[in-house]
Amino acid sequence: MDLPKHYDPQAVEPRLYLLWERNGYFHEEPDPARPPFIICMPPPNVTGRAHLGHGSTFTPMDVLTRYHRMLGENADWLPGTDHAAIATEAVLVKELAREGLRRDDLGRERFVARAWEWSRTYGGEIEAQFRRLGFGPDWQRSRFTMDEGLSAAVRRVFVQLYREGLIYRGTRLINWDPSGKTTVSDAELEYIERDGNLWRIRYPFSKDGTDGGIDIATTRPETMLADVAIAVHPRDPRYADAIGRRVWLPPLLERSIPVIADEAVDPEFGTGAVKITPAHDPLDYEVGTRHKLPMPAVIDLDARITGADVGVGPYAGLDRFAARDRIVEDLRAHGLLVDVQPHRHSIATSERTGDIVEPLLSLQWFVKMAPLAKPALAAYRDGRVRFVPERYGRTYEHWLENIRDWNISRQIWWGHQLPVWYTPDGREVVAESEAEARELAQKQFGTSELTRDTDTLDTWFSSGIWPFSILGWPEETMELRCWYPSQVMITGGEIIFLWVARMVMLGLYFMHRVPFPNVLITPTVFDEVGRKMSKSIGNVIDPMVLAEKYGADAFRLSILRQMRLESQEIRYQESRCEEARNFNNKIWNATRYMLALPEGLPSAMTLPAETSLTPADRWILTRLQTTIVMIGKLLDGYDFGNAAETIWRFIWYEFCDWYLEATKAEQNRVTRAAVLSFVWNNAMRLLHPLAPFISEEVWLALPHDGETIVTAAWPDPLEFPAFPAEARNFELLQKTVERVRNLRAEIGVHPRDRVILDVPASVPEALAALLALLATATIEPRGSAGESLEEALEGVSVRAPRAVLEERYRKQVQHLQSEIDRGERKLSNEAFVARAAGSVVAKEREKLDAYRAELARVEAALRALKEPA
RNA sequence: GGGCGGUUAGCUCAGUGGGAGAGCGCUUCCUUGACACGGAAGAGGUCACAUGUUCAAUCCAUGUACCGCCCACCA
C-alpha cells in the first residue's frame, strides 16, 4: 500500500458526496412498514449563505437522519428554501437604486420576475454549500416556499382561516418600517438600547401661558402634533384638580386637548403626566381606545410629518427627525421647553432593515391568535410538544399566553400575494383563485369586476405550514400519511415565536396533530470571547473556509464536540477544527497500518474463533460493545457533544493508543487482522453520522458488506461477544504499564532502551508479553506474589537505581498514608458510620483495607531495598 | 422591570452529594517499521463569594457580585 501520510479531505469529500447523491442514498419513499424518522429542514433563505449557525443546527439534523437511516428506519430529511420576502426585496430595491431605478419604475410584474431570476441565480448556492459540508437531505424532495404547490397550500390556508373567522381586515396600530416601506410583525422587531433625550414640555392651561399648565415628559416630541389628551393617574394628588380641564397643545397652540385620568399612567415616571398620541404609540392607542379619543395621524408612510388629519403648521413635509429638532427648537423659543435630560431607552427597529420602526394606524390583515394559541398551549402543557432543553418550553408558553393578533399583510411585492379581491365599492372577496373570486363576487355582490389586493403575506405565514405543505397538503399524499408529524424539530432559540409556535398552532389547526413531538433548541454560536459574530466586528467565521482548510468532517466534529445539552451558547474556536483534523489524520494512519499488515486483511468481516482471542482482543471487543451502547443512548438523547467525545476517546485513546499497539506483540499475530478490521468497521459506522466522509472512505477500504456506509446497518452490540472480566484484567495491565513508564521517565531511560522487570510467575504469560512490549521491558520471571492478578501485577518491579526506587516508594507511602488517614478519619466519625448509606460506608472500608494492604507491600519493598543484597 | 443561563487548570469547556477532569497551551524525553496533524512522562485549580441544609457540599437551598441571553408599552 502506498497511501499518503496525511489524510487529504479535499481529495475525498467532494468525490464521495457526488457518489452518494448520484446513487440516491439520501432519497427515501414513504414506507408504512417501518418506523418513520422525519426531520423538516428549517428552510434557509434561498439566497443566503451557510454560516456557523447552520453548523450547530444542521449538523445535528444530518447526524440524526444518518443514524436513524442506519437503524433501518424510514428516515428522510426534507429540505427546502425560503423566499425571505423582506430581505430579498430589500436587496433588490438596493440593486435597482444602483441602476437609478425605483421599484415602481419597474412595475410589479417585472419586479417579481426579477426576484425569481435573482432567487434562481443565487438559490443553488446555499444548497451547494450544504453539500460541501456533507449534509445529506433528500434533495429530490427539495421545496421552495414560492413554488406552485406550496403557494396553493398558502392560499388554501388563508381562505380557510378567513372563512372560519380567524383572518380579518382592520385598522390597527401596526409597526411600520419606513425604509422597507412595509409593516413588520411584533416578533420581527429588535429593540436596541440608545442614548436619547427626555424632554419636559409645558402644556399651558391658557393660550398665553399665564394660568400655569401641565408638564409632560417625552422621548418623541414630533408625535405631539397628534396628541389628543394628557393623561394622569386618577389618584395622583398633584393633578386632581386638573382632570377634566383642557390644555393647549404646543408648540402651535392651535387646539386644546383634555386632561384625562387613566390607571396605565405611572405617577413615578417623569412628571406623572403623559401625552396621549393614539396613532403613534401602542400604549396610547390602548388609552385612546378606552377613552374613545380621536386618533389623528401626523406621520406618513415615508416617515414625514403630514397634515392630512390635523393641522401641523410649518412642520408639514419634514422628516420625522428633522421635525423633532424643529419642534424642540420652537418649544424652547416659546419658553415651553421645561427641561432636557439625557435618557437611555430602547428603540424598536426592524430586524431586516435596521430602520427605526414607527407605530402607525393602518388598514391591514390580521390572524386572530387567541383561538389558535389555546390548543398550542394545551399541547405543550400535556406533553405533546416537548422542548430540549426543557427551559425553552417556558419561553414558548409565556409568548402564547400573551399573544397578540398577527399582522400578516406586507406592502412588498416579493411573496405570496393575498388571495383577496375588492369590488369597485370596496367589498372584499377571498378565494383560492381569481376565477373562484369572480364567481363568488357575482353571487354575493352581483359584480365580477374585481381588483386584487396588492399586499403579500408575511414570510412566516408560508413557513408556518411547512411541516405539512411540503408533504403535498392539501392533497392526501402517501408522504402526508406516513411522514406527518415529523420526529423532531431542530432550530435556534431565536425563532421559537416566529416559527416554532406558529407551526404548532397551524399544524394543530389543519392537521389536528402537533407537527413534531420534540423541539431541540441548539446553542447560539459566538466567537471565542463570547461576542456575536458580526461583519462590523469582523469576527465572522465562514464554515466553507473551515471545510476548505480542515475538511467538512473536521468542521462538523469541531461543532459537535462543543455542543452540550443544556448550554445556550458555543464559543467557537477554530483550534477545535485543527484538533478534529488531527483526529481524522489519526484514523487515516491507523487504517494505513492495518492495510500494511504483512498477513493482509481477511476478505470478509468475521471474528476469529472465540477461544483464539487474546487478552487484548477481548478487551477491545468489550470496549467496543460498551461504546456502541453509549453512543446509541447519547444520540437518542440528542447529546451530540458527549456522543462525539465518546467515539473520539474510543478511537484515539483506546483503539489506537492501546489495542493497535498491542497487535504488534507476537501473540496477537494470528487474530489481529480479523479483529482490527471487525472493530474498525464498527467504529467507522459509529462515526459515520458525525463524520460521514472519512468513515466512508475508510469503511470502503476495509472488508465490508454493501456498497456504502450510508445505508450500512448501525452496529449491533449483541452481534459479537464481550468479556467484561477479562477486559478488567487488561485494564490492570494498563495501570502497570503506566507505572513502569512513569518510573522509566524518572530514571531517565531512553525510550528505546529496555528496562528489566521482575515479574511474579503468577502473571499470565500473555499479559507479561504485552507488558514487555508496551513498557519496552525485558521480563525476568520471579517467585510468585499474591493470588489475585491485581496483587501479582502490583508485584511487578522495575530494576532501577536504589535511590530512584527509594524516592518513589517514599512518595507512594506518603500518598497512601494520606489516603489512609482520610479514610480512618471518616470511619471513626460516628455520625458518618451511623447516618451514611450502608453501601457508602462499606465502600469506604474496602478502600481503606485496600490502601492498607498496598501500603504494607510498598513498605516491604522499601525495606527489601535497604537490606544489603 | 421580569424571566433564564453562566462563573471549575493560562485558554475553551466537561463533570459528580462521599478520593477535582478533558482538549489546547506549557515543561521534559523520543523521528521505535500507522501517524511529529505523532508517542511517552509531567507541572498547573482554596471548583466566584457568603450563609444555610447534611454525617459529608465544587455539586442542594438562600443571598451577593460579575458576565451573557430572552421577554416587557415605562412615556
Side-chain angles (χ1 to χ4, degrees), chain A residues 1 3 5-7 191 198 216-220 223 231 264-266 268-277 281-287 343 345-346 348 359 389 391-392 394-395 398-399 402 493-494 496-497 524 526 528-532 550 554 561-562 564 566-573 575-576 578-598 641-642 645 648-649 653 656-657 660-661 664 737-738 741-746 748-752 775-776 818-819 822-823 826 829-837 840-841 843-844 847 851:
Chain A
M1 287 295 156
L3 296 172
K5 276 166 85 167
H6 291 285
Y7 174 62
Y191 287 89
L198 189 62
I216 61 90
T218 182
T219 55
R220 294 190 303 156
T223 63
V265 179
D266 175 7
E268 304 295 314
F269 188 88
T271 61
V274 57
K275 65 192 218 43
I276 299 299
T277 322
D281 183 274
L283 178 66
D284 293 3
Y285 177 75
E286 281 173 30
V287 175
H343 181 65
H345 58 131
S346 65
R391 63 186 127 88
Y392 289 108
R394 289 194 286 278
T395 307
H398 183 256
W399 188 70
N402 299 288
E494 71 282 358
I496 291 175
F497 318 127
T524 315
F526 295 93
E528 58 189 342
V529 289
R531 298 173 303 183
K532 248 183 181 133
Y550 305 101
R561 279 184 76 215
Q562 290 181 76
R564 268 336 114 149
E566 288 296 321
S567 76
Q568 62 186 16
E569 65 172 59
I570 289 177
R571 295 193 176 190
Y572 191 82
Q573 307 177 87
S575 64
R576 291 292 188 138
E578 210 175 312
E579 289 170 32
R581 180 208 52 195
N582 296 353
F583 174 67
N584 290 333
N585 198 53
K586 189 79 181 172
I587 291 172
W588 180 247
N589 278 293
T591 309
R592 280 181 50 200
Y593 168 78
M594 287 176 228
L595 294 174
L597 289 177
N642 282 311
E645 210 62 43
W648 186 292
R649 278 169 198 288
Y653 305 119
C656 290
D657 283 355
L660 203 141
E661 288 306 318
K664 293 172 182 174
V737 170
E738 277 162 359
R741 283 174 178 168
N742 173 289
L743 255 172
R744 291 176 56 103
E746 271 176 48
V749 180
H750 188 277
R752 263 180 300 174
T776 319
S818 79
E819 291 293 347
R822 197 185 53 79
K826 230 169 170 177
N829 180 349
E830 282 167 34
F832 171 70
V833 180
R835 305 227 191 174
V840 172
V841 178
K843 208 169 132 195
E844 204 60 43
K847 278 191 324 199
Y851 282 132

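Values reported hereafter were calculated over all heavy atoms of this structure, with side chains retained and with hydrogens, waters and symmetry mates removed. Below, chains carry the letters A, B, ... as their sequence lines are ordered, and counting in each starts from 1.
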Mark yes or no for whether [X], through its side chain, and [Y], through its backbone, hold a donor-acceptor pair below 3.5 Å.
| X | Y | result |
| --- | --- | --- |
| A/Asn589 | A/Lys5 | yes |
| A/Arg744 | A/His750 | yes |
| A/Asn585 | A/Arg581 | no |

Output field dot_bracket for RNA chain B (Watson-Crick or G-U, both distances under 3.5 Å, | for other-strand pairs) contains (((((((..((((....[..)))).(((((.......))))).....(((((..]....))))))))))))....
Heavy atoms only, 4.0 Å cut-off, all strands: where does [X] land among base, sugar-phosphate and nothing?
| X | answer |
| --- | --- |
| A/Arg581 | base |
| A/Arg564 | sugar-phosphate |
| A/Glu566 | nothing |
| A/Gln568 | base |
| A/Tyr550 | nothing |
| A/Thr524 | nothing |
| A/Val833 | nothing |
| A/Asp657 | sugar-phosphate |
| A/Ala837 | base |
| A/Arg822 | base |

| Expressed in whole Å, how much space separates the P atoms belonging to B/A57 and B/A50? | 14 Å
In whole Å, measure the gap between the P atoms of B/C67 and B/A75 for me.
23 Å
Face-to-face stacking of A/His6 with B/C37, centres under 5.5 angstrom, angle under 30°
yes
Nearest 0.5 Å please: distance from the [atom1] atom of [X] over to the [atom2] atom of [Y].
| X | Y | atom1 | atom2 | answer |
| --- | --- | --- | --- | --- |
| A/Arg576 | A/Tyr550 | CZ | OH | 13.5 Å |
| A/Asn829 | A/Phe832 | CG | CZ | 8.0 Å |
| A/Leu283 | A/Ile276 | CG | CD1 | 6.5 Å |
| A/Leu743 | A/Glu738 | CG | CD | 13.0 Å |
| A/Glu579 | A/Gln573 | CD | CD | 8.0 Å |
| A/His6 | A/Arg592 | NE2 | CZ | 9.0 Å |

Any side-chain N or O of [X] below 4.0 angstrom from OP1/OP2 of [N]?
| X | N | result |
| --- | --- | --- |
| A/Lys847 | B/G18 | no |
| A/His343 | B/A75 | yes |
| A/Asn582 | B/G38 | yes |

>> Any salt bridge linking A/Glu569 with A/Arg571? Criterion: basic side-chain nitrogen under 4.0 Å from a carboxylate oxygen.
In response: yes
Practice prompt. May I ask you to say whether A/Arg822 pairs ionically with A/Glu844, meaning some side-chain N is under 4.0 Å from a carboxylate O?
Written response: yes
Picking from [options], which would you name as closest to the side chain of [X]?
| X | options | answer |
| --- | --- | --- |
| A/Arg561 | B/A75, B/G23, B/U12 | B/G23 |
| A/Tyr191 | B/A72, B/C55, B/A75 | B/A72 |
| A/His345 | B/C71, B/G23, B/A75 | B/A75 |
| A/Val840 | B/C13, B/G18, B/C70 | B/G18 |
| A/Ser346 | B/A34, B/A72, B/C4 | B/A72 |
| A/Thr218 | B/C13, B/G18, B/A75 | B/A75 |
| A/Asn585 | B/A75, B/C55, B/C37 | B/C37 |
| A/Asp266 | B/A75, B/C69, B/G23 | B/A75 |
| A/Lys5 | B/C69, B/A36, B/G18 | B/A36 |
| A/Phe269 | B/C37, B/A75, B/C24 | B/A75 |

Checklist entry - When you look at NZ of A/Lys664, are more than 12 heavy atoms from neighbouring residues, nucleotides or ligands closer to it than 6.0 Å? => result yes
- prompt: Got a sec: does the NE2 of A/His398 have more than 12 other heavy atoms crowding it under 6.0 Å?
  reply: no
When you compare the protein's N or O atoms with those of nucleotides 7-10 of chain B, which come within less than 3.5 Å of each other, and at what distance?
none

- Got a donor-acceptor pair under 3.5 Å from the side chain of A/Lys586 to the base of B/C35? yes
Is there a donor N/O on one and an acceptor N/O on the other, under 3.5 Å, for the side chain of A/Glu661 and the base of B/A40? no
Any N/O pairs under 3.5 Å between the protein and nucleotides 28-33 of chain B? List them or say none.
| unit_1 | atom_1 | unit_2 | atom_2 | d |
| --- | --- | --- | --- | --- |
| B/U31 | OP1 | A/Arg752 | NH2 | 2.9 |

Whole Å only: how far is the [atom1] atom of [X] from the [atom2] atom of [N]?
| X | N | atom1 | atom2 | answer |
| --- | --- | --- | --- | --- |
| A/Arg394 | B/C69 | CZ | C1' | 14 Å |
| A/Ile496 | B/C71 | CD1 | P | 10 Å |
| A/Asn829 | B/U54 | CG | P | 15 Å |

Residue pair A/Lys826/A/Arg391 against RNA chain B: nearer the 5' end by closest nucleotide is A/Arg391
Contacts of A/Thr271 and A/Arg741 projected onto RNA chain B by closest heavy atom; the upstream (5') one is A/Arg741
**Q.** Side-chain H-bond candidate by donor/acceptor type, A/Lys532 with A/Thr524, under 3.5 Å
**A.** no
